[in-house]
Participant: 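After the structure tokens below, expect a handful of questions from me.
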Amino acid sequence: MDDLQIGVVGVRGRGFLATYAHKPGQGSRIVACCDIAEEARPVARERFGGDVFFTSDLKELLARDIDGIFITTPDSLHEEMAIAALEAGKPVYLEKPMAITTAGCDRILATAARTKTKLYVGHNMRHMPFVVKMRELIQDGAIGEVKTIWCRHFVGHGGDFYFKKRHAERKFSTGLLLQKAAHDIDIIHWLGGGYAQIVNALGGLTLYGDISEPLPKQNAEGELTWPPQSQTGLNPRMDVEDLSMLQMRLENGVFATYQQCHYTPDYWRNYTVIGTHGRIENFGNVEEDARICLWNKRCDWKLFGDAQFPIERPEGGHGGADPRIVDEFLRYVREGGTTQTSPLAARYSVATGCAATDSLRDGGTLRHISPVTPEIATYFG
Ligand SMILES: NC(=O)c1ccc[n+]([C@@H]2O[C@H](COP(=O)([O-])OP(=O)(O)OC[C@H]3O[C@@H](n4cnc5c(N)ncnc54)[C@H](O)[C@@H]3O)[C@@H](O)[C@H]2O)c1
């Protein structure tokens with residue numbers, strides 16, 4: 001089997017993902033890189049060898065004989081870069097969120113359908129062991145028919161990660177109810193078995209906007225900042241929210257909520273799914289003692305429920321999800337077939353995040369999620 005020849009645009013940061021595809025002699029290798037930062041050149045050489053092609057011009061990368069491309073650049077570049085790669089007939093791994101507008105996603109889907117080029121969107125949470133286990137329990141009937149899903153997202157270090165650079169500005173991200181929540185909206189859709197039809201949301205910039213005289217830090221030099229009011233170096237413009245609460249009704253009648261806070265001391269996600277015969281909830285995501293608990297007998301308070309399920313801990317980023325999602329993409333490029341992730345679902349997570357953000361900025365008014373055209377639904381369905 002010859003190695004797939006793969007390119008990557010956006011080498012640093014999330015571009016690390018491409019290292020999982022660099023397995024010379026074992027099916028795939030990174031042969032070409034594109035990045036506007038000159039500092040990315042030595043990074044590419046160190047990871048992929050001195051002979052790796054490097055350019056700052058995406059057109060030059062796309063003109064090469066490559067079998068696929070990772071697009072791991074900032075969100076606001078996804079639409080333009082994905083469309084260029086699809087037009088060039090190169091199978092695409094596109095990082096989440098698919099784009100920062102619903103219309104942008106629809107243009108990407110239309111281009112993939114018209115050019116019949118493979119499109120894969122990097123919703124790696126669908127490969128996270130705790131999510132996979134929750135889905136398996138649901139599918140095995142452990143809680144009966146799903147009726148509601150509640151997700152609490154504690155974004156510890158939110159100030160360090162999301163309020164010091166571009167994520168803090170609408171023009172680059174739309175908002176964090178899209179940038180961060182795109183993952184969880186996708187998982188809620190996946191676990192709930194349908195896409196959101198109506199949504200509303202409330203929230204605001206409730207802490208980072210108020211820091212004029214930072215408090216003394218309690219963390220050591222080089223560590224992430226605590227308490228959040230001790231933040232310095234925040235982005236000069238902050239027009240996104242640090243707290244948001246979203247409610248959704250899915251097309252199949254399942255109700256869901258998602259809450260996101262960017263100044264919690266802890267950093268993890270907690271989901272509970274309630275069905276007609278019980279409830280499951282995760283405690284922890286990737287930690288050694290993380291577990292899924294199941295309650296299916298009547299009780300008052302029972303900390304870990306009636307049954308507990310450990311969470312697998314494979315090697316690799318995001319609880320082992322990153323090598324798995326790269327493997328799935330490479331298999332899809334080589335053989336086609338079905339995948340755990342879905343471009344259509346990726347589009348609906350963006351559409352829901354955008355509609356929720358509109359609602360939040362308009363006093364919590366109800367928003368309807370616009371559907372894709374029947375042709376697109378059929379093509380990607
Ligand atoms: N799925 C996940 O778990 C996960 C985790 C982190 C980030 N992400 C996503 O990955 C993407 C990248 O995020 P990041 O934090 O790594 O961004 P980043 O700012 O670190 O940029 C990544 C790389 O893109 C390069 N780049 C920027 N503009 C470019 C251009 N015009 N042409 C070529 N290269 C360019 C940068 O120089 C850098 O090397 C985002 O869409 C983000 O949402 C996903």
Side-chain angles (χ1 to χ4, degrees), residues 7-20 30 32-48 53-62 69-85 92-101 104-105 108 120-128 130-131 153 155 157-158 160-169 172-187 235 240 267-269 285-286 316-326 328-329 340-341 345-346 349-350 353:
V8 49
V9 53
V11 171
R12 299 169 305 160
R14 185 59 177 159
F16 181 79
L17 193 72
T19 60
Y20 294 112
I30 303 299
C33 296
C34 171
D35 204 295
I36 43 158
E38 194 47 40
E39 299 91 305
R41 189 188 292 268
V43 176
R45 297 230 158 109
E46 194 193 325
R47 286 182 189 160
F48 310 124
F53 175 81
F54 187 93
T55 177
S56 59
D57 183 350
L58 180 60
K59 284 197 199 81
E60 283 188 16
L61 176 66
L62 295 175
I69 177 172
F70 285 93
I71 300 179
T72 47
T73 48
D75 304 357
S76 56
L77 302 173
H78 290 185
E79 177 186 344
E80 168 197 337
M81 290 184 164
I83 288 175
V92 167
Y93 179 107
L94 178 59
E95 252 311 331
K96 57 53 61 181
M98 190 176 191
I100 60 167
T101 62
C105 293
I108 295 172
Y120 185 99
V121 185
H123 277 281
N124 54 342
M125 275 192 76
R126 288 192 182 211
H127 289 272
M128 277 188 190
F130 93 88
V131 173
H153 193 175
V155 190
H157 329 311
D160 290 295
F161 293 169
Y162 297 99
F163 286 87
K164 292 196 169 177
K165 51 180 189 172
R166 62 172 191 274
H167 306 99
E169 296 190 41
F172 295 119
S173 65
T174 293
L176 295 165
L177 205 37
L178 171 63
Q179 202 315 305
K180 276 305 272 177
H183 276 303
D184 300 280
I185 295 169
D186 179 55
I187 295 308
N235 205 54
V240 300
Y267 194 176
W268 65 294
R269 297 167 154 101
N285 298 149
V286 298
H318 291 102
D322 290 350
R324 289 182 177 186
I325 199 167
V326 168
E328 184 173 74
F329 169 64
Q340 195 98 302
T341 62
S349 83
V350 171

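All figures in this text were calculated on a predicted structure; none of them were measured in a lab. Ligands are counted one by one from 1 in listed order, and the atoms in each one are counted from 1 as well.
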Participant: Looking at F161, I want to see if its CZ is surrounded by more than 12 non-hydrogen atoms of other residues, nucleotides or ligands under 6.0 Å.
Facilitator: yes
Participant: Sort out for me which residue in I36, V43, I30 forms a side-chain contact (heavy atoms from CB on, under 4.5 Å) with V11.
Facilitator: V43
Participant: Identify, for atom 20 (O) of ligand 1, the protein heavy atom at the shortest distance, and state residue, atom and that distance.
Facilitator: G13 CA, 3.9 Å
Participant: Does H183 come within less than 4.0 angstrom of ligand 1, counting non-hydrogen atoms of the residue?
Facilitator: yes
Participant: What residue and atom, counting heavy atoms only, is the protein's closest point to atom 35 (C) of ligand 1, and at what distance?
Facilitator: I36 CG1, 3.6 Å
Participant: Testing K165, H167, K164, E169 one by one against N235 for a side chain to side chain donor-acceptor pair (under 3.5 Å), which residue passes?
Facilitator: E169
Participant: What about H167: any of its N or O atoms under 3.5 Å from an N or O on ligand 1?
Facilitator: no
Participant: Of all the atoms in ligand 1, which lie at a distance below 4.0 Å from a heavy atom belonging to A37?
Facilitator: 37 (O)
Participant: Answer yes or no for A40: is there a heavy-atom contact with ligand 1 below 4.0 Å?
Facilitator: no
Participant: Does the residue M125 have a heavy-atom contact with ligand 1, meaning some pair of atoms that are separated by less than 4.0 Å?
Facilitator: no
Participant: How are the rings of F70 and Y93 set to each other: parallel, tilted or perpendicular (split at 30° and 60°)?
Facilitator: tilted
Participant: Consider every N or O of K165 and every N or O of ligand 1, then say whether any pair is closer than 3.5 Å.
Facilitator: no
Participant: Is a side-chain donor or acceptor of Y162 paired with a backbone partner of V155 at a separation under 3.5 angstrom?
Facilitator: no
Participant: Check whether the side chains of E60 and T55 place a donor and an acceptor atom closer than 3.5 Å, and report yes or no.
Facilitator: yes
Participant: Which option out of M128, E95, R14, Q179 puts a heavy atom nearest to atom 7 (C) of ligand 1?
Facilitator: R14
Participant: With a 3.5 Å distance limit and no angle check, can you tell me whether D75 reaches the backbone of I100 through a side-chain donor-acceptor pair?
Facilitator: no
Participant: Would H123 count as a contact of ligand 1 if the rule is a heavy atom under 4.0 Å away?
Facilitator: no
